[in-house]
Number of protein chains: 2
Amino acid sequence: MAKPGAPSNVAGESGGRSAETRRLLIEAAVTTLQSEGYAGASARAIAERAGSNQGLIFYHFGSVANLLLAALDAVSSARMERYGESVAEVGTTGELVETATDIFRSDLDAGYITVLVEMIAGASSTPGLGAEVAARIEPWKAFAQDAIEHSLHGSPLGALLPSEDIAYAVVALYLGLEMLSHLEGDRQPALALFAHAQRLAALFETMTVTPTTREAK
Amino acid sequence: MAKPGAPSNVAGESGGRSAETRRLLIEAAVTTLQSEGYAGASARAIAERAGSNQGLIFYHFGSVANLLLAALDAVSSARMERYGESVAEVGTTGELVETATDIFRSDLDAGYITVLVEMIAGASSTPGLGAEVAARIEPWKAFAQDAIEHSLHGSPLGALLPSEDIAYAVVALYLGLEMLSHLEGDRQPALALFAHAQRLAALFETMTVTPTTREAK
DNA sequence: GTCTATACTTGGATAGAC
DNA sequence: GTCTATCCAAGTATAGAC
């Protein structure tokens with residue numbers, strides 16, 4: 001391996017001049033993707049935001065696409081960490097929906113899903129990028145499936161539909177809601193849906209706690 | 001008005017040299033958006049596909065963005081026409097889901113939703129484009145809401161959730177499923193979801209025909 | 001090893017030919 | 001009115017300076 005676009009930086013020096021530059025570029029790449037989209041995320045635009053020379057992108061990452069993938073990685077890993085904490089506390093379906101609402105709101109406000117959406121849509125224009133992006137979506141699907149299995153375990157809905165398929169739909173809906181919210185500059189309709197989901201989850205739970213509670217009328 | 005980018009072509013001549021060029025360009029714009037994405041839909045790329053000079057795009061449409069919007073319009077109106085026919089025959093929720101499946105499959109295969117997705121994602125990079133695209137999504141939402149109201153009218157689910165909110169979710173899911181299917185080059189998971197929805201719709205109908213059927217146990 | 005100055009390519013837009 | 005030749009800006013990538 002040892003390709004030119006990935007300097008080793010072996011020394012024990014703690015500062016890490018190279019690492020700092022890389023960090024700045026990745027941060028700028030995230031911001032640029034969010035506000036200018038994939039088509040606007042050029043080497044020049046990103047470098048300007050990072051306050052560095054555009055040539056550095058090719059030295060440190062080999063290509064713009066590679067830098068954007070690094071940006072996607074950074075966002076993904078940061079989010080996964082947060083998700084992991086939240087989902088550990090989830091038991092019932094109602095709690096799951098509540099947690100999902102919180103996560104969605106903060107993801108939406110921070111523009112994390114925007115990065116994902118732009119990379120997916122942008123992948124069409126850069127050969128080979130699609131597979132890389134697809135691989136980075138897998139953890140999101142796996143996470144969703146995991147959360148669903150934990151909270152729907154033993155529930156009727158869980159018996160009716162494979163958790164893998166539900167997870168696929170959840171991720172798709174997540175992406176779609178971001179697109180519409182972002183486009184219209186209005187997160188309200190999407191959040192209204194989560195409110196509905198919470199109501200339905202509550203209703204669903206009371207309906208199916210046990211069939212025998214019915215006779216207590 | 002009478003802006004330079006929109007020639008009048010007033011004469012009664014049926015051929016329409018200008019109209020033909022415009023048609024070719026719009027067609028090529030659709031194809032290019034589908035296979036190269038928004039970032040790859042440059043004037044040169046589109047013109048090459050159309051077999052014409054790239055300068056014609058600016059003469060006929062004023063800018064690349066305007067041509068892409070025209071392409072989106074063409075796709076939208078073509079689809080709306082087909083949708084209108086299909087939904088007229090829909091009565092029950094089960095039929096609605098069945099019709100939605102057919103529509104989704106053909107839209108997916110023909111790449112129509114791809115055009116929508118690329119335009120939404122691409123809008124971030126071109127000032128002013130977002131509002132134009134948003135306006136062109138309205139008919140899709142209105143159509144979905146209309147179809148939902150027709151088939152859910154009087155049903156319990158219809159009473160539980162506002163049709164406008166369901167429509168929003170449906171459009172979002174539609175977009176998200178396209179993104180994932182396109183990215184992974186596999187439409188199977190998305191179609192599996194529609195199959196589940198059909199099963200659930202059938203189950204839902206038998207469960208809620210009338211509450212009094214329960215006593216017949 | 002890190003970064004900058006420069007080379008070359010592609011893209012948007014228009015002046016002017018027909 | 002329709003189209004083409006041409007211009008300049010913006011993009012990627014690298015040769016070479018430090």
Side-chain angles (χ1 to χ4, degrees), chain A residues 2-26 28-29 32-33 36-70 122 125-129, chain B residues 2-26 28-29 32-33 36-70 122 125-129:
Chain A
K3 65 173 183 176
S8 47
N9 191 23
V10 283
E13 27 103 18
S14 56
R17 189 163 72 266
S18 170
E20 174 65 5
T21 304
R22 288 173 62 94
R23 198 188 57 76
L24 278 172
L25 284 174
I26 288 174
T32 309
L33 272 175
E36 312 289 334
Y38 184 92
S42 70
R44 286 179 137 91
I46 295 169
E48 185 177 17
R49 215 177 270 261
S52 54
N53 188 292
Q54 59 93 17
L56 286 174
I57 287 171
F58 301 94
Y59 169 65
H60 284 291
F61 297 92
S63 70
V64 176
N66 275 350
L67 168 56
L68 296 178
L69 282 173
S125 62
T126 309
L129 188 56
Chain B
K3 64 173 183 176
S8 47
N9 191 24
V10 282
E13 28 102 19
S14 56
R17 189 163 72 266
S18 170
E20 174 65 5
T21 304
R22 288 173 62 93
R23 200 187 57 74
L24 277 172
L25 285 173
I26 288 174
T32 309
L33 272 175
E36 311 290 333
Y38 183 92
S42 70
R44 289 182 135 89
I46 296 169
E48 185 176 16
R49 216 176 270 260
S52 55
N53 188 292
Q54 59 94 18
L56 285 174
I57 287 171
F58 301 94
Y59 170 65
H60 284 290
F61 297 93
S63 70
V64 176
N66 275 351
L67 168 56
L68 296 178
L69 282 173
S125 62
T126 308
L129 189 55

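Throughout, a chain's letter reflects where its sequence line sits, starting with A, and its residues are numbered from 1.
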Looking at C:dG12, D:dT2, D:dA13, which one has an atom nearest to any side-chain atom of B:Arg17? D:dT2
B:Asn53 atom CG is separated from C:dA15 atom C1', nearest whole Å, by 14 Å
Rounded to whole Å, how long is the line connecting atom CZ of A:Arg22 with atom P of C:dT2? 10 Å
For B:Tyr38 versus B:Leu129, what's the shortest heavy-atom pair and its separation? OH-CD2, 3.4 Å
Which nucleotide wins on minimum distance to the side chain of A:Leu56, given the candidates C:dG12, D:dT12, C:dT4? C:dT4
To the closest 0.5 Å, what do you measure between CG (B:Leu67) and CZ (B:Phe61)? 5.0 Å
Give a yes/no on whether any side-chain N or O of A:Tyr59 is located under 4.0 angstrom from OP1 or OP2 of C:dC3. no
Side-chain N,O (A:Ser18) to OP1/OP2 (C:dT2) below 4.0 Å: yes
Would you say B:Thr21 places a side-chain N or O within less than 4.0 Å of OP1 or OP2 belonging to D:dC3? yes
From CD of A:Glu36 over to P of D:dG11, roughly how many Å is that when rounded to an integer? 10 Å
Upstream residue (5' side of DNA chain D) when A:Ser42 and A:Gly55 are each assigned their closest nucleotide: A:Ser42
To the nearest 0.5 Å, tell me how far B:Leu56 CG sits from B:Ser18 OG. 9.5 Å
What is the distance from CD of B:Glu48 to P of C:dT10, rounded to the nearest Å? 11 Å
C:dG1 phosphate, OP1 or OP2: any side-chain N/O from A:His60 under 4.0 angstrom? no
Candidates D:dA10, C:dG12, C:dA5 - which lies nearest the side chain of B:Arg44: C:dG12
What is the distance, rounded to the nearest whole Å, between atom CZ of A:Phe61 and atom P of D:dA13? 14 Å
For B:Glu20 and D:dG1, what is the distance between atoms CD and C1' respectively, to the nearest whole Å? 17 Å
Rounded to the Å, how far apart are A:Gln54 CD and C:dT2 C1'? 15 Å
Spacing of B:Phe58 atom CZ relative to D:dA5 atom P, expressed in whole Å: 16 Å
What are the two closest non-hydrogen atoms of B:Thr32 and B:Gly40, and how far apart are they? CG2-O, 3.9 Å
Output for pair (A:Leu24 CG, A:Arg49 CZ), nearest 0.5 Å, gives 13.5 Å
